[in-house]
Structure formats: structure tokens, C-alpha cells
J.: 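Below you'll find the structure I mean.
What's counted below: heavy atoms across the whole structure, side chains too, no hydrogens, waters or symmetry copies. Numbered from 1 within each chain, the chains take letters A, B, ... in sequence-line order.
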Amino acid sequence: MMKNKLLFPLSLIALSLSPVAEANSVRINGFANFTAGISSEESEALGYSDKADFSEQSLFAVQLSGQINDKMSATAQIVSKGNNGYSADFEWAYIKYDIDSEQSILAGRFRLPIFRYSSSLDVGYSYHWISAPSTVYDVPFNNLDGVRYDYSSFVGDWELMFQASLGNFKEEVSGGSSDGSNVITASFEATYESFKMRFVYGQGDNNFHLPQLDASLDQFAALSPELAEELRMNDDRGVFLGAGFEYDNFDWFVSGEITSIDIEDSFSPEDKAWYITAGIRSGKWTPHFTYETRDGNADIKFLESVAAFPAEYQPVVAGTLTAIQMPFMEEYSVTTVGARYDFDSNIAIKAEISRYDNELDAGVGIRGASEDSTIVRASVNYVF
Amino acid sequence: MYKQLLGATLCLLCLLLSGSAFAKLTVIVNPANSDPLDEKTVQRIFLGKEKKFASGTESIPVNQSPDNALRHEFDETILGRNTSQVSAYWSKLVFTGKGIPPKEVMNDAEVIELVSKNPSVIGYVDSSSLTDAVKAIDL
């Protein structure tokens with residue numbers, strides 16, 4: 001008994017003397033993007049209109065992380081985004097457990113790990129663009145509440161990474177909501193010297209609600225409950241596929257990514273998107289070029305069911321199917337030239353000119369109001 | 001003719017010898033560390049991709065401040081990219097829960113002190129700062 005009492009304070013002293021004690025302090029890091037932009041047209045495209053805007057892609061973030069013990073750490077990232085009135089949100093909040101030097105588990109809230117730049121999307125300083133290509137990256141799911149498993153190892157000169165995650169997401173989208181449950185993602189990345197490739201698979205049970213959409217579906221249900229249910233996105237399985245490559249020898253780079261999102265049993269058209277980008281690093285300058293495109297302009301679904309209806313109803317059913325799906329069609333591309341200038345080891349200044357082409361006719365689809373336009377942006381990115 | 005050639009050779013030798021006496025980036029470890037190290041391993045350790053030496057001992061890299069010319073030389077020659085690219089690389093890892101950049105110190109003396117005290121620490125200094133408390137690595 002006496003011995004135990006003595007041992008306990010002794011071990012405490014030993015702990016406080018160990019080098020790990022230094023790591024017990026809280027680390028504070030942060031980043032900020034200040035972006036200004038203006039479009040040639042009155043109609044909004046990529047978040048910009050002909051009135052100069054300073055908040056759409058501006059954000060400020062602070063990250064706090066503390067070492068709990070030599071295997072565990074806790075991290076919170078509070079992000080305040082200009083397009084959300086600069087209200088502060090916990091975008092990341094997780095506990096990380098290092099199983100060994102190659103494996104770790106993360107539990108809490110983190111970025112859904114589906115894209116090449118998913119995790120670092122907000123950290124403008126970490127890449128050459130002002131913002132990652134919207135055709136690929138503008139999706140109605142962002143943060144996952146769940147767990148993530150990370151594995152990384154070397155096999156000879158190959159660096160291999162595997163990441164799997166499981167969880168749920170819930171997002172507010174202009175006037176409505178998008179959520180997913182039983183979300184599973186798995187990604188694999190292999191790097192050999194300057195070359196890197198990446199593959200990802202994801203799936204989830206999706207729900208999407210917009211007041212107007214729900215009202216039309218309710219009306220349609222009176223005519224055909226089965227078809228209305230087919231159209232409704234109600235715990236419907238969505239599948240995400242993605243592949244990416246990169247060649248970067250630090251003097252120049254070229255990279256690209258291709259993705260597809262398909263929620264078959266729903267009103268939502270299959271979305272296919274890709275981009276290719278290249279740049280040259282010359283001293284402090286990185287001039288670059290990007291072409292990106294999204295094709296979410298698919299055939300109207302479920303029209304084959306129309307034939308089963310009595311002839312006098314067929315035009316109404318076909319018309320309604322079309323009327324509900326058409327507003328979600330989109331097809332556009334963006335071509336961007338720009339440059340990054342490394343002002344300091346933690347500050348980058350960027351400028352870009354983008355040409356936005358809406359491939360659908362005026363008034364058609366989700367971007368019906370967006371005319372072809374030229375968008376000019378400038379940005380300052382900072383990390384600390 | 002022969003003399004001239006000899007003179008030129010001597011001169012070259014002089015240059016080479018004096019060159020090595022000048023500032024030279026040198027990777028250092030604790031004298032107790034006998035793990036083999038090559039440029040690729042040092043690169044992996046300083047980019048947080050490798051967290052152990054070959055023997056399985058934990059590796060703790062110590063960096064120099066970005067204000068230091070030696071840091072720029074290390075980033076360019078060993079890591080193969082400039083200091084801004086290295087800091088962009090780390091910003092990606094820091095904010096995604098994948099890693100923490102090496103601790104940064106102000107000068108060679110601080111690197112030598114940390115390396116001499118802990119067999120896990122690896123750093124780099126100017127060869128003119130070398131002391132017996134640390135072991136220089138030939139890359």
C-alpha cells in the first residue's frame with residue numbers, strides 16, 4: 001500500500017520529464033484566403049456577377065490541436081466563410097489515434113475524402129489555383145461525421161496510401177437540404193517519384209429536399225405514387241467514382257481528375273466531370289492553365305414507364321417527368337489561366353481569368369440564369 | 001609545358017580543397033545512431049513520410065528557420081523543391097490531420113544541441129559548425 005502511494009507520484013514525475021511532455025502544449029495554426037472577383041455579365045456564374053465581390057471565396061480559419069498522449073491527439077478547425085456571412089463553423093473536429101507509424105484512425109468530423117484536393121480544399125495556400133475546379137469540386141456534400149482509417153507505406157520506391165471512411169453527412173443547400181447515411185468511401189493512391197495516381201469509390205444512401213421539388217413530387221404522387229417514389233431522393237443509393245493523376249517534378253506539373261456521381265433511383269441526372277491542369281514553376285512564379293467541364297445533362301429518366309399509363313394520361317406523365325428533372329440538368333465548362341506568386345514562405349498572391357461557358361440554352365437547367373461570361377479574380381492566401 | 005600542366009592541376013586541387021573547407025550542408029545525427037542513411041531516407045523523414053530509422057528507432061527531424069540560407073539549400077538539394085513548396089506541402093498535411101511539420105530552430109548551435117541530446121533527432125548544419133557531440137552523415 002505504502003509502496004503504491006510512493007510509486008504513483010514518482011511515475012508522474014517521470015512522465016513530466018519525458019520529452020513527450022513538450023508535445024502536450026496546444027498547437028495553433030490557421031489559414032486565410034481573401035479573394036475578390038467580378039464577372040463580365042450581370043447573371044451570376046461561379047458565384048460572381050458584374051458587381052465586384054469580396055466575400056464569396058474569402059475565408060478565415062483557426063486550427064487548434066493538442067496531444068492527448070503519445071498516440072492520441074485532438075484537433076478542431078473553426079472556419080468562417082464569407083459566403084456564409086463569416087459565421088464560424090466547426091468544419092473539422094476529431095480525435096486521432098496512431099495505431100503505428102503506418103496506420104491511424106480518426107473519429108469525429110472531417111472532410112469527405114473523395115477528391116484529390118478534398119482535405120485541403122479550403123487551404124488556398126496549398127495549391128496553385130484560387131479555388132479548385134468547381135465542375136468537379138462543387139458537390140452537395142462536404143463534411144463527414146464518422147471514422148476514417150489511414151494507411152501509408154513504402155514498397156521499394158512506391159509510396160502507397162489507402163484511406164477508408166464511414167459515416168453520415170448533412171448539408172444545407174440553397175433553400176433545402178442534402179444528407180447521406182451509411183456513407184462508405186475507399187481510396188487508393190500510389191506515388192512513384194514524380195508520378196501519382198489515385199482511385200476512389202464511394203457510396204451512400206442519399207436524401208435531397210427542396211420545398212418546390214417536394215411539392216411537385218407530392219402532386220405527382222396523386223397521379224402515380226410509384227413514379228413519384230422513383231423520382232424522390234429518399235434513402236436512394238448514390239455511387240461516386242473518381243480517378244486522378246499527377247506528374248510533378250517541381251519545375252512543372254500536369255494533373256487531372258475525373259469523377260462521376262450517379263443516384264440512379266432519383267430525379268438527379270448522372271453527373272460526369274473532369275479537369276486537366278498544368279503549370280510551370282519558375283522562381284516565385286507559377287503560371288498555370290486549367291480546363292474543366294461537367295456534364296449533368298442526361299436523358300430524362302423513367303420515360304419507359306409512361307407506356308404503362310392509359311393513353312390520355314401519357315402526355316401528362318411524360319410532361320411531369322420532364323418538368324421535374326429538367327431543372328436539375330447542367331452542362332458547362334470553364335477555361336482558366338492564372339498565376340501564383342510566392343510572396344513569402346507563408347503568403348501567396350494569385351490572379352486568374354476564367355471563361356465560363358454554359359452549354360445549355362438560356363433558362364434551361366440548374367444554371368439556366370448563367371450566361372457565358374468572363375470572370376476575373378485576385379486572391380491572397382496566408383497560412384500560419 | 002609539363003610544368004604549366006602541373007601548375008594547373010595543383011591550382012584545381014587547391015580550389016577543390018578550399019571548396020570543401022567552405023560552407024557545406026551536412027546532415028547530422030546523434031553519435032549513438034548507427035542507422036544507414038541515404039538522401040532518399042533523409043527526404044522521407046523530413047517530409048514526414050518515414051517516422052523511423054532502419055533499426056526501428058523513432059526519427060525526429062529538426063528543421064532550420066525559413067529565414068536561414070541553409071534551410072533554402074536543404075529544401076532545394078535534399079527535398080528537391082523550394083521553401084515555399086515545402087511550406088505548401090506541410091500546410092496540406094497540417095490542416096488535414098496527416099502530419100505536423102518538423103520543429104524549426106534558429107541556428108546550427110540549437111540543431112547540434114538537440115541532436116546531441118537525443119538519439120532520435122536528425123538535423124542539418126553548416127559543416128563549419130560541426131562538433132564532436134554529433135555525427136556527420138555522408139549522403
Side-chain angles (χ1 to χ4, degrees), chain A residues 19 22-23 27 29-31 61 63 65 67 70 73 75 77 91-92 94 96 98 100-102 104 106 108 110-111 113 117-128 148 150 152-154 157 159 161 191 194 248-251 281 283-284 286 340 342-348 381 383-384, chain B residues 30 38-41 43-45 47-60 62-69 71-72 75-105 114-115 117-121:
Chain A
E22 191 191 58
R27 275 181 71 92
N29 293 97
F31 54 91
Q63 175 169 297
S65 50
Q67 203 72 29
D70 62 348
S73 61
T75 302
Q77 197 181 97
E91 295 264 332
W92 295 65
Y94 60 83
K96 187 184 175 200
D98 291 314
D100 54 33
S101 63
E102 295 182 334
S104 64
L106 214 106
F110 48 89
R111 184 65 44 80
Y117 291 92
S118 280
S119 296
S120 52
L121 199 52
D122 291 336
V123 192
Y125 183 82
S126 70
Y127 47 74
H128 58 289
R148 184 179 100 188
D150 285 14
S152 66
S153 184
F154 286 99
D157 286 340
E159 183 185 353
M161 280 198 261
T191 308
S194 303
D248 187 343
N249 65 17
F250 297 105
D251 290 327
R281 296 203 185 85
K284 292 177 177 296
T286 308
R340 170 192 174 122
D342 289 311
F343 183 75
D344 203 340
S345 67
N346 61 347
I347 300 170
N381 302 153
V383 284
F384 67 91
Chain B
N30 188 281
D38 57 12
E39 197 172 313
K40 195 176 281 173
T41 310
Q43 184 189 48
R44 285 175 179 179
I45 289 173
L47 290 177
K49 295 177 172 187
E50 190 74 77
K51 297 175 185 92
K52 286 180 199 162
F53 291 110
S55 63
T57 319
E58 187 192 2
S59 55
I60 306 173
V62 169
N63 219 342
Q64 300 238 20
S65 150
D67 305 330
N68 194 326
R71 160 70 181 274
H72 292 271
D75 288 345
E76 296 273 357
T77 58
I78 307 289
L79 304 186
R81 52 199 99 178
N82 69 36
T83 302
S84 292
Q85 285 163 263
V86 172
S87 95
Y89 169 85
W90 279 110
S91 71
K92 205 153 76 181
L93 300 196
V94 165
F95 297 114
T96 61
K98 286 188 141 182
I100 296 169
K103 181 188 168 105
E104 282 175 4
V105 297
L114 289 168
V115 170
K117 277 185 179 164
N118 187 336
S120 287
V121 176

J.: Can you name the side chain to side chain donor-acceptor pair (under 3.5 Å) partners of B/Glu50, sequence neighbours left out?
T.: none
J.: Taking only residues two or more places apart in sequence or in another chain, which ones pass ring-ring contact (aromatic ring centres under 6.0 Å, His included) with A/Tyr117?
T.: A/Tyr127, A/Trp129
J.: Is A/Asn29 in contact with chain B via its backbone, its side chain, both, or neither, using a 4.5 Å heavy-atom distance?
T.: both
J.: Return the option, out of A/Ser120, A/Ser153, A/Ala348, with the maximum number of heavy-atom pairs under 4.5 Å with chain B.
T.: A/Ser120
J.: Show the nearest heavy-atom pair for residues B/Thr96 and A/Tyr94, with the distance to one decimal.
T.: C-OH, 4.1 Å
J.: Pick whichever of A/Arg27, A/Arg111, A/Arg148 has the most heavy-atom pairs under 4.5 Å with chain B.
T.: A/Arg27
J.: Please classify the contact between A/Phe110 and chain B as side chain, backbone, both or neither, with a heavy-atom cut-off of under 4.5 Å.
T.: neither
J.: Donor-acceptor pair, distance only, cut-off 3.5 Å: does the side chain of B/Lys52 make one with the backbone of A/Ser101?
T.: no
J.: What are the two closest heavy atoms between B/Lys98 and A/Asp150, and how far apart are they?
T.: CE-OD2, 3.7 Å
J.: Is chain B contacted by the side chain of A/Glu159, its backbone, both, or neither, given a heavy-atom distance below 4.5 Å?
T.: side chain
J.: I need the A/Asp344 CG to B/Ser84 OG distance, nearest 0.5 Å.
T.: 7.5 Å
J.: Side chain, backbone, both or neither: which part of B/Lys40 has an atom under 4.5 Å from a heavy atom of chain A?
T.: side chain
J.: Is it the side chain or the backbone of B/Lys92 that comes within 4.5 Å of chain A heavy atoms, both, or neither?
T.: both
J.: What distance separates A/Asp70 CG from B/Glu58 CD, expressed to the nearest 0.5 Å?
T.: 8.5 Å
J.: If I measure from the heavy atoms of chain B, does A/Phe343 come under 4.5 Å with its side chain, its backbone, both, or neither?
T.: neither
J.: Where on A/Ser345 is there a heavy atom nearer than 4.5 Å to chain B: the side chain, the backbone, both, or neither?
T.: both
J.: For residues B/Phe95 and A/Phe384, report the shortest heavy-atom separation together with the two atoms involved.
T.: CZ-O, 4.2 Å
J.: Which atom pair, heavy atoms only, marks the closest approach of B/Val94 to A/Gln63?
T.: O-NE2, 2.9 Å
J.: Among B/Gly80, B/Gly97, B/Pro66, which has the most heavy-atom pairs under 4.5 Å with chain A?
T.: B/Gly97
J.: Is the shortest side-chain heavy-atom distance between B/Asn82 and A/Phe250 below 4.5 Å?
T.: no
